[in-house]
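Read the structure below first, then the notes.
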Amino acid sequence: MAMEDPDKKTEVVLLACGSFNPITNMHLRLFELAKDYFDGTGKYKVIKGIISPVSDAYKKKGLISADHRVTMAKLATKNSDWVEVDDWESSQSEWVETVKVLRYHHQKLLSSDPTSSLQNALPLTKPGRKRKQEPNRHDPIKKKNQSPDIKSTPQIKLLCGSDVLESFGIPNLWKLEDITEIVQNHGLVCISRAGSNVQKFIYESDLLWRHKNNIHLVEEWITNDISSTRIRRALRRGQSIRYLVPDVVLAYIEKNNLYNPESEDKNAGVVLAPLQKYASDSKN
Ligand SMILES: Nc1ncnc2c1ncn2[C@@H]1O[C@H](COP(=O)(O)OP(=O)(O)OP(=O)(O)O)[C@@H](O)[C@H]1O
Ligand SMILES: NC(=O)c1ccc[n+]([C@@H]2O[C@H](COP(=O)(O)O)[C@@H](O)[C@H]2O)c1
Ligand SMILES: [Zn+2]
C-alpha cells in the first residue's frame, strides 16, 4: 500500500449561506469549528471560507438591506486571513437557491484553478501572477484520471447549523433534487449541539443516510446560543450586544440605526421566497 502523502490532502472551501441579519460572533465561530474539524481529520485542508448573505428577495421578516448586511459581514471578517464575504448572491434581483450558490462558487474555483483541464489548455502564466478569469466558462471536463501528483480542484462544502439541516424536512422549502445535489456533489458540514437530534434526522431520511459520508457533523462543545434574532431583539429593547458581535459591527449598527421596531416589520405577512416558489408545484 502506498504511504500517505501529506501533500495530497483534499482542499476544502467552506460556504455559509444565510441572512446574517446581522452577522454575529457565532457565525464566525462556525468557520473556526469547521476548520478545526477538517484539519483534524488529516485528510482535508480548509483553504477558504466564504460568507454569502442572502438577497433581499428572500423576503424574510425583519431582513434589512443586503448592502448593510454585506458591509457588516465584511467588517466582521476584516481580521480573518481565510474567511471572506461574497456579494454575488446578495446582488441578484431574485432569490437564488442555495444549490445554485454552491454551483456558482464551484465554477469560480474551477476557472481559477491552474490544474483544471481547461486551464491547462491555456498558455501557462508565471507563478504568482494572477490569471484573468474567463467569463461565461461552461462546465469544465471532470478531471478523473489526472496524474496523482496534481492536486484536484478544491471541494466546496455547505457550512450550516443544525437548524438549516433540519429545515430540509419542512414541506415546500427545499427541492429534493437540490438536497440531493448538495449532499452528493458537494457535501455538507453541520455544526450541532451535543445531544441535538441531527443524527436522528439523518437516520430517518433515506436520502441523507445514503450520503452520510458526505455529511460532516461537527459538535460544538463550547456552546453559544447567540442568534441574529436575539441580537435584533436586544437592540429593540435598548440592551447591550457588546461581545456578541464584533465591535466594528456594533459601531456600524449604532451609526446607521439599523435595527428598530420598523425594520423588524419588514416583509411582515410576506411569504418566504422558497415557499412562494415551491408551494404552487407542491404535490406531496
Ligand atoms: N448558534 C448557532 N449554532 C450553530 N449554527 C448557527 C448558530 N447560529 C447561526 N447558525 C448558522 O449560521 C447560518 C446563518 O444563519 P442565520 O443568518 O439564519 O443566523 P441566525 O443567527 O440563525 O439568525 P436568525 O436568528 O435570524 O435565524 C446558518 O447555517 C445557521 O444554522
Ligand atoms: N431551497 C433552498 O435552496 C433554500 C430553502 C430555504 C433556505 N435556503 C437558504 O438557507 C439560508 C437560511 O437562512 P435563514 O436561516 O436566515 O433563513 C438562506 O441562505 C437561504 O437562501 C435555501
Ligand atoms: Zn437562522
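In each ligand, atom 1 is the first atom listed, and ligand 1 is the first ligand listed.
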Examine N21 against ligand 1 and note whether any of their N/O atoms are separated by less than 3.5 Å.
no

Are any of the N or O atoms of S19 closer than 3.5 Å to those of ligand 1?
yes

Any donor and acceptor pair, going by atom type alone, linking the side chain of R242 with main-chain N or O of L250 inside 3.5 Å?
no

Compare all side-chain heavy atoms of T24 with those of I241 and state whether any distance is below 4.5 angstrom.
no

For D56 and R69: C-alpha separation, side-chain torsions, deciding distance, then whether salt bridge (Lys or Arg N to Asp or Glu O under 4.0 Å) applies.
CA-CA 10 Å; D56 295 345; R69 290 182 287 113; 2.9 Å; yes

Donor-acceptor under 3.5 Å (S227 side chain, R230 main chain):
yes

Do any nitrogen or oxygen atoms of R230 come within less than 3.5 Å of a nitrogen or oxygen of ligand 1?
no

Heavy-atom contacts under 4.0 Å between L173 and ligand 2: side chain, backbone, both, or neither?
both

Mode of T229 contact toward ligand 1 - side chain, backbone, both, neither (heavy atoms, under 4.0 Å):
both

With a 6.0 Å cut-off (strictly less than), is the heavy-atom count around CD of Q276, excluding the residue itself, greater than 12?
yes

Starting from atom 1 (N) of ligand 1, locate the nearest protein heavy atom and write down its residue, its atom name and how far away it is, to 0.1 Å.
R193 NH2, 2.9 Å

Look only at the side chain of S205 and the backbone of I202, and say whether a donor-acceptor pair between them is shorter than 3.5 Å.
no

Going by the atom numbers of ligand 1, which of them fall below 4.0 Å from some non-hydrogen atom of S227?
21 (O), 25 (O)

Numbered atoms of ligand 1 (with element) below 4.0 Å of F20, judged on heavy atoms:
17 (O)

Tell me the protein heavy atom at minimum distance from atom 16 (P) of ligand 1, and give that distance in Å.
H27 NE2, 3.7 Å

Among all protein non-hydrogen atoms, which one is nearest to atom 7 (C) of ligand 1, and what is the separation to 0.1 Å?
M26 CG, 3.7 Å

Looking only at protein heavy atoms, identify the closest one to atom 31 (O) of ligand 1 and say how far it is in Å.
D163 OD1, 2.4 Å

Students should be able to answer this: which protein heavy-atom is nearest to atom 9 (C) of ligand 2, and at what distance?
T98 OG1, 3.2 Å

Mind checking whether V164 has an N or O less than 3.5 Å away from an N or O of ligand 1?
no

Any donor-acceptor N/O pair, K60 side chain to L272 backbone, under 3.5 Å:
no

Out of W95, W174, F168, Y278, who gets a non-hydrogen atom closest to atom 21 (O) of ligand 2?
W95

Does the side chain of Y104 reach to within under 4.5 Å of the side chain of Q92, using non-hydrogen atoms?
no

Is it true that a side-chain atom of N21 and a backbone atom of S228 form a donor plus acceptor pair closer than 3.5 Å?
no

Nearest protein heavy atom to atom 14 (P) of ligand 2, by residue and atom, and its distance?
K60 NZ, 3.3 Å

contact_flag D225 ligand 1 heavy-atom lt 4.0 Å
no

Report yes or no: does N172 contribute a side-chain atom to a donor-acceptor pair with the main-chain N or O of L275 at less than 3.5 Å?
no

Taking only non-hydrogen atoms of V54 and a 4.0 Å limit, the atoms of ligand 2 in range are 21 (O)

Please indicate whether any nitrogen or oxygen in S228 is less than 3.5 Å from any nitrogen or oxygen in ligand 1.
yes

Give a yes/no on ligand 1: does R232 have at least one heavy atom closer than 4.0 angstrom to it?
yes

Per-residue contact class, I226 against ligand 1 - non-hydrogen pairs under 4.0 Å:
backbone

Give the atoms of ligand 2, by number and element, whose distance to some non-hydrogen atom of E97 is under 4.0 Å.
3 (O)

What do you reckon, is NZ of K212 surrounded by more than 12 foreign heavy atoms closer than 6.0 Å?
yes

Answer yes or no: is there a donor N or O on one side and an acceptor on the other, between the side chain of K157 and the main chain of V13, under 3.5 Å?
no

Closest approach of any protein heavy atom to atom 27 (O) of ligand 1, naming residue and atom:
K60 NZ, 3.6 Å

Per-atom contacts, ligand 1 versus C160 - under 4.0 Å to a heavy atom
29 (O)

Output yes when a side-chain donor or acceptor of D86 lies under 3.5 Å from a complementary backbone atom of S52, and no otherwise.
no

Step-by-step side chain to side chain contact (heavy atoms under 4.5 Å, CB included) determination, K59 to W95:
CA-CA 9 Å; K59 298 288 175 203; W95 170 72; over 6 Å; no

Counting from 1 in the order shown, the ligand 2 atoms closer than 4.0 Å to a non-hydrogen atom of Y58 are 7 (C), 12 (C), 13 (O), 14 (P), 17 (O), 20 (C)

Under 4.0 Å from a heavy atom of N224: give me the atoms of ligand 1 that qualify, with their elements.
1 (N)

Output yes when the distance from some N or O of ligand 1 to some N or O of G161 is under 3.5 Å, and no in every other case.
yes

Atom 16 (O) of ligand 2 has as its nearest protein heavy atom S19 OG, 2.5 Å

Starting from atom 19 (O) of ligand 2, locate the nearest protein heavy atom and write down its residue, its atom name and how far away it is, to 0.1 Å.
G18 N, 3.1 Å

Flag this pair as yes if the NZ/CZ of K35 is under 6.0 angstrom from the six-membered ring centre of W82 and inside a 45 degree cone about the axis; otherwise no.
yes

Tell me, do S263 and L258 make a side-chain contact under 4.5 Å, heavy atoms counted?
no

Between L30 and ligand 1, which residue portion shows a heavy-atom distance shorter than 4.0 Å: side chain, backbone, both, or neither?
side chain

Mind running salt bridge (Lys or Arg N to Asp or Glu O under 4.0 Å) on E181 and R103 for me, showing each step along the way?
CA-CA 10 Å; E181 187 176 330; R103 275 185 214 155; 2.8 Å; yes

